[in-house]
Amino acid sequence: MNNHSDNERNYDQDRLERHVWERQRTTGLSRRSVMRNLAGLAAGVSAFAGSPLRSYGQSAPPIVKPTPPDKFRILGTNRETLFQAFKGQGYLTPASLFFVRNHTSTPRIDADTWSLSIEGSGVARPITFTLDDLHALPSVTVTRAIECAGNGRSFFTSQQKQTVSGTAWLLGAIGVGEWTGVRLSTLLELAGVKASAVDVLPEGLDSEVGTSGHVRRPIPIGRALDDDVLVVYGLNGELLPPDHGFPARLLVPGWIGIANIKWLGRITVYEEPVFTTWNTTQYRFFGNPVDYPGDPILTTQTIKSAFELPFPATLKPGINLITGRSWSAAGTIARVDVSINNGATYTRATLKPNSNGYQAWAEWQIPWVARPGQYTLKARAVDDLGNTQPLTVPYNSMGYLFSAIAGHPVTVA
Ligand SMILES: Nc1nc2c(c(=O)[nH]1)N[C@H]1C(S)=C(S)[C@@H](COP(=O)(O)O)O[C@H]1N2
Ligand SMILES: [Mo]
């Protein structure tokens, strides 16, 4: 049962209208046309009820690949990569080690019958692509991170003593892959995208989430047409694995994880702003009107660092080569400083040569002659634009974008 329109109307009419008004300023719509658009959106969504979309995997386990406990932490339908598992793994995250964030569960999709449709009033020529069609188009291969908006969320509680909702990740809800696919702009142009297009709505073929419908997160047309936004079918030189979006997913480099919709089945182009659960009640900064007036919608990720150590860790006294990774959604890492005394003093870490990618991560290391005792290690990165990690980040009730310096407890014994 497809219930999107009911949900869209009921979840919080006041808030929705406020969002529409915000958007109206930038799109120049009149109030009358905004209300028409809302009604049209609801009607348009229920018209999809008879679409060929199928629900998959209702009773299957949420994740297909093995996620052994020495490499992953189980968090409901999600799997966090244990950061120590990245040690010695090289620059790219193997598909087997990539974190999994599923709002429901991994669908099993038959590539032979699968297709991706581009439709909606914002295109002149609705079109569908099979996997063979995608493979036949000019391909692009890039190395980029995908990182969940909530990565690091547990530190809001453990470090800032704040109560936040959502999956209590440490820092392992990130992976860096070599992605291969086609430009979204190529597909949109083949569909005759109109100058009047406003928002693009990619939609996953995984099960509907409660009454919110299929996972789908709008992207403004300006971002959707950027050269770096891809529909990818390859990860690290292989086909995408089921858990990571087979047959095809979106890649929106530098943006929060949810922008990278997995298991694409349909991309709808709208001529008006579009609202789903994933840009209204989720993935916004809520609960802090001072730092985040108007509950802004999240777009880009931030900058973080993590040690390739168990959390907490126990080390032997003597020389320990401490390793870690830092990453910035805005560019490349320029330097990393490490503290073994809870931030009292820092020493510059050595960046590993040829291990520092744009919108990916940098590997680093620093030797430590460790004496028995209890320590809090800290790592602080600076990117090539001068962005750095603060001591604290402003509270938001859903615990997004924790980019502050994270303390790592270590016992030397
Ligand atoms: N269809 C669909 N796409 C999705 C999701 C989902 O549950 N369903 N989760 C999103 C979120 S919140 C994140 S962080 C990334 C995670 O990608 P991964 O599981 O390949 O690591 O996928 C995004 N794309
Ligand atoms: Mo996410």
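Heads up: numbering here begins at 1 and tracks the sequence. The analysis underlying the following values was restricted to heavy atoms, covering all of them including side chains, and did not include hydrogens, waters or symmetry mates. In listed order, ligands and their atoms are each counted from 1.
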Could you point out which residue of W169, F156, Y283 forms a ring-ring contact (aromatic ring centres under 6.0 Å, His included) with Y400?
-> Y283
Numbering as shown, the atoms of ligand 1 that approach F98 to under 4.0 Å (heavy-atom distance) = 21 (O)
Atom 11 (C) of ligand 1 sits nearest the protein heavy atom R101 CG, 3.5 Å
Count the heavy atoms of every other residue, nucleotide or ligand shown that sit under 6.0 Å from CG of D70, and state whether that count exceeds 12.
-> yes
Which protein heavy atom lies closest to atom 23 (C) of ligand 1, and at what distance to 0.1 Å?
-> G257 O, 3.4 Å
Protein residue, atom and distance nearest to atom 7 (O) of ligand 1, heavy-atom basis = H103 N, 2.7 Å
Identify, for atom 19 (O) of ligand 1, the protein heavy atom at the shortest distance, and state residue, atom and that distance.
-> K262 NZ, 2.5 Å
Heavy-atom nearest neighbour in the protein, as seen from atom 2 (C) of ligand 1, with distance rounded to 0.1 Å | D206 OD2, 3.4 Å
Subset of ligand 1 atoms that lie under 4.0 Å from at least one heavy atom of N102 | 7 (O)
Return yes when atom CG of L391 has more than 12 non-hydrogen atoms of other residues, nucleotides or ligands closer than 6.0 Å, and no otherwise.
-> no
Minimal heavy-atom distance between A191 and I118, with the atoms involved, is CB-CG2, 3.7 Å
Identify which one of R153, K304, R325, R101 satisfies the salt bridge (charged side-chain N to carboxylate O under 4.0 Å, His left out) criterion when paired with E147.
-> K304
Decide whether an N or O pair under 3.5 Å exists between T104 and ligand 1.
-> no
Check: Y375 ring centroid to F307 ring centroid under 6.0 Å | no
Check ion pair R217-D199 (N to O, under 4.0 angstrom) | no
Report, as yes or no, whether the 6.0 Å neighbourhood of atom CD on Q89 holds more than 12 heavy atoms from other residues, nucleotides or ligands.
-> yes
of all protein heavy atoms, closest to atom 21 (O) of ligand 1 is F99 O, 2.6 Å
Can you tell me the protein heavy atom closest to atom 17 (O) of ligand 1 and the distance?
-> R249 NH2, 3.0 Å
Could you walk me through whether E271 and S196 pass the side chain to side chain donor-acceptor pair (under 3.5 Å) check?
-> CA-CA 6 Å; E271 293 176 281; S196 53; 2.6 Å; yes
Would you mind listing which atoms of ligand 1 come within a distance below 4.0 Å of any non-hydrogen atom of Y283?
-> 12 (S)
Can you list the ligand 1 atoms lying under 4.0 Å from a non-hydrogen atom of G204?
-> 1 (N)
Of all protein heavy atoms, the one nearest atom 24 (N) of ligand 1 is N260 O, 3.1 Å
Is it the side chain, the backbone, both or neither of V215 that has a heavy atom closer than 4.0 Å to ligand 1?
-> side chain
